[in-house]
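In what follows, a structure is listed as structure tokens, so that the remarks can point back to it.
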Amino acid sequence: MLPASIQITGELLSATEVQDICESLKEDGVRLLSVRGCQLSDRDFGRVCRSVAASRSLAQLNLNLGVVSSLSRTRHLADALATNRSLQTLFLHGSPLLDAGLAALNPALSTHPALVCLDLGDCMLGEEALALICGMLPPDGAKSGLRELTLSANPRIGSKGWARFAIAVAHSSQLRVLNLDYNPLGDQIAAMLAVAVASSRTLEVLDLEGTGLTNQSAQVPQSARSSVRRVSTVGTGTESRCVCVQVFLDMVENYPTSLRVLVLAENDISPELQQQISDLLAEGEDEDSRDAPPGLPGRTPSSALQPIREKHQPLTWLPHSNAGPPMVMLTSGLGESLLAETEM
């Protein structure tokens with residue numbers, strides 16, 4: 001019998017229900033387990049974690065919305081991940097992990113042999129936690145790392161942490177989807193990230209919804225485009241605008257990039273500039289299709305990598321399988337994936 005999925009949302013789980021879940025996990029009868037927003041006792045949470053450790057079929061685990069509610073539960077989960085070898089996707093969105101919680105999880109997360117997708121959105125993370133996450137994005141020639149990472153709504157992270165993170169993104173050999181929505185990034189951090197995206201050979205989806213960007217982040221003065229490698233890092237007034245010389249419009253216009261989807265909704269960026277970026281991304285896709293050898297596929301269609309997960313807007317199901325052109329997303333409201341890329 002093929003492994004099934006167990007999906008329960010926002011319920012108080014009884015001991016009997018937990019026992020059924022544990023037995024199914026131990027019998028390798030579950031590929032997807034989602035108990036997002038559910039309530040269960042600490043004892044039962046420990047039982048579930050021990051069963052996760054024993055499972056050889058579990059590919060996706062969704063503990064979103066406060067299921068991992070204490071440091072002791074975080075440690076139970078860390079022990080499970082240290083033993084489990086099958087898990088590919090882990091959702092912890094809305095868990096009060098703090099830096100201490102991620103420190104407890106880090107040894108298991110960073111050495112897990114199969115984990116490729118991690119959601120740490122709205123987990124109250126800070127600089128120390130982000131430094132550990134950088135280690136999950138190894139450079140070329142190192143161990144395999146995350147392909148999809150969500151760090152939405154972690155406002156305790158400051159500019160120093162984001163600068164270090166941008167370097168890790170630039171050199172990551174695996175990362176394809178990065179969701180940073182609802183972090184107070186602003187224009188200067190956006191400039192750092194744009195340089196990282198320009199350097200990346202793998203990143204295809206970047207979500208910057210509601211991150212405090214302006215036209216300054218998306219546009220570069222015409223006079224600066226003839227010298228795109230000149231970046232001023234100090235100054236005020238007119239000079240300070242040069243900090244954003246290599247941000248998004250300039251990046252997609254002047255450099256080859258793997259980027260296919262850029263989400264800029266809920267920012268002070270004009271629709272005209274968003275459309276310009278979308279058109280330039282589409283031109284890059286067309287060139288890739290023409291350059292691809294006969295019989296070989298081009299880059300992955302953008303909608304196959306849509307960031308489907310917890311969002312701050314009403315949730316809407318958006319399937320992974322529909323192909324479509326590269327785009328700048330002007331709206332939000334993406335739901336959660338059901339196995340996403342782990343589904344065979």
Side-chain angles (χ1 to χ4, degrees), residues 1-69 73-74 76-95 105 108-109 112-121 146-150 176-177 300 303-311 315-322 334-344:
M1 184 174 65
L2 292 175
S5 65
I6 297 175
Q7 300 177 67
I8 309 171
T9 300
E11 296 186 13
L12 176 62
L13 300 181
S14 67
T16 301
E17 289 172 318
V18 171
Q19 180 64 31
D20 291 342
I21 291 172
C22 292
E23 289 179 358
S24 297
L25 286 168
K26 291 177 181 178
E27 294 170 358
D28 295 329
V30 180
R31 183 167 172 78
L32 182 157
L33 174 61
S34 174
V35 291
R36 61 187 292 273
C38 289
Q39 301 176 50
L40 66 167
S41 68
D42 288 343
R43 177 176 177 273
D44 284 344
F45 183 83
R47 292 169 61 197
V48 171
C49 285
R50 289 190 291 274
S51 300
V52 167
S55 176
R56 294 175 296 177
S57 64
L58 187 64
Q60 182 178 118
L61 178 61
N62 189 330
L63 301 175
N64 283 353
L65 306 182
V67 178
V68 185
S69 56
R73 290 193 177 195
T74 304
H76 278 303
L77 179 59
D79 291 341
L81 295 174
T83 302
N84 176 277
R85 291 293 179 268
S86 63
L87 194 67
Q88 299 175 39
T89 300
L90 176 62
F91 292 105
L92 295 173
H93 200 112
S95 303
L105 287 171
L109 292 176
H112 197 286
L115 189 68
V116 294
C117 177
L118 180 63
D119 187 342
L120 295 172
L146 296 175
R147 294 170 61 192
E148 179 169 350
L149 174 62
T150 296
R176 295 167 62 192
V177 179
T300 306
S303 61
L305 293 169
Q306 293 288 357
I308 299 178
R309 58 203 161 79
E310 300 284 349
K311 295 284 282 185
L315 299 178
T316 302
W317 172 245
L318 178 65
H320 264 66
S321 58
N322 294 339
L334 304 179
E336 290 183 346
S337 63
L338 301 180
L339 283 184
E341 295 187 24
T342 68
E343 187 61 76
M344 301 302 291

> About how many Å separate CD of Glu17 and SG of Cys38, when rounded to the nearest 0.5 Å?
Replying inline: 8.5 Å

> What's the spacing between Leu63 CG and Leu77 CG if we round to 0.5 Å?
Replying inline: 6.0 Å

>> According to side-chain contact (heavy atoms from CB on, under 4.5 Å), who are the partners of Ser55, at least two apart in sequence or on a separate chain?
In response: Leu25, Asp28, Ser57, Leu58

> How many angstroms lie between atom CD of Gln7 and atom CG of Leu32, to the nearest 0.5 angstrom?
Replying inline: 5.0 Å

>> Could you check whether any side-chain heavy atom of Leu40 comes within less than 4.5 Å of a side-chain heavy atom of Val67, counting everything from C-beta outward?
In response: yes

> So which heavy atom on Asn64 is nearest to which on His93, and how close?
Replying inline: OD1-N, 2.7 Å

>> Please report the interatomic distance OG1(Thr83) to CG(Leu87), rounded to the nearest 0.5 Å.
In response: 12.5 Å

> Around atom CZ of Arg85, are there more than 12 heavy atoms of other residues, nucleotides or ligands at under 6.0 Å?
Replying inline: yes

>> Are the side chains of Leu118 and Leu109 in contact, using a 4.5 Å heavy-atom criterion?
In response: yes

>> Between Asn84 and His112, do the side chains contain a donor N or O and an acceptor N or O under 3.5 Å apart?
In response: yes

>> A side-chain contact here means heavy atoms from C-beta on lying under 4.5 Å apart; do Leu33 and Asn62 qualify?
In response: no

Which side-chain N or O atoms in residues 47-54 pair as donor and acceptor under 3.5 Å with protein atoms at least two apart or in another chain?
unit_1 : atom_1 : unit_2 : atom_2 : d
Arg47  : NH1    : Asp44  : OD1    : 2.9
Arg47  : NH2    : Gln19  : OE1    : 2.1
Ser51  : OG     : Arg47  : O      : 3.1

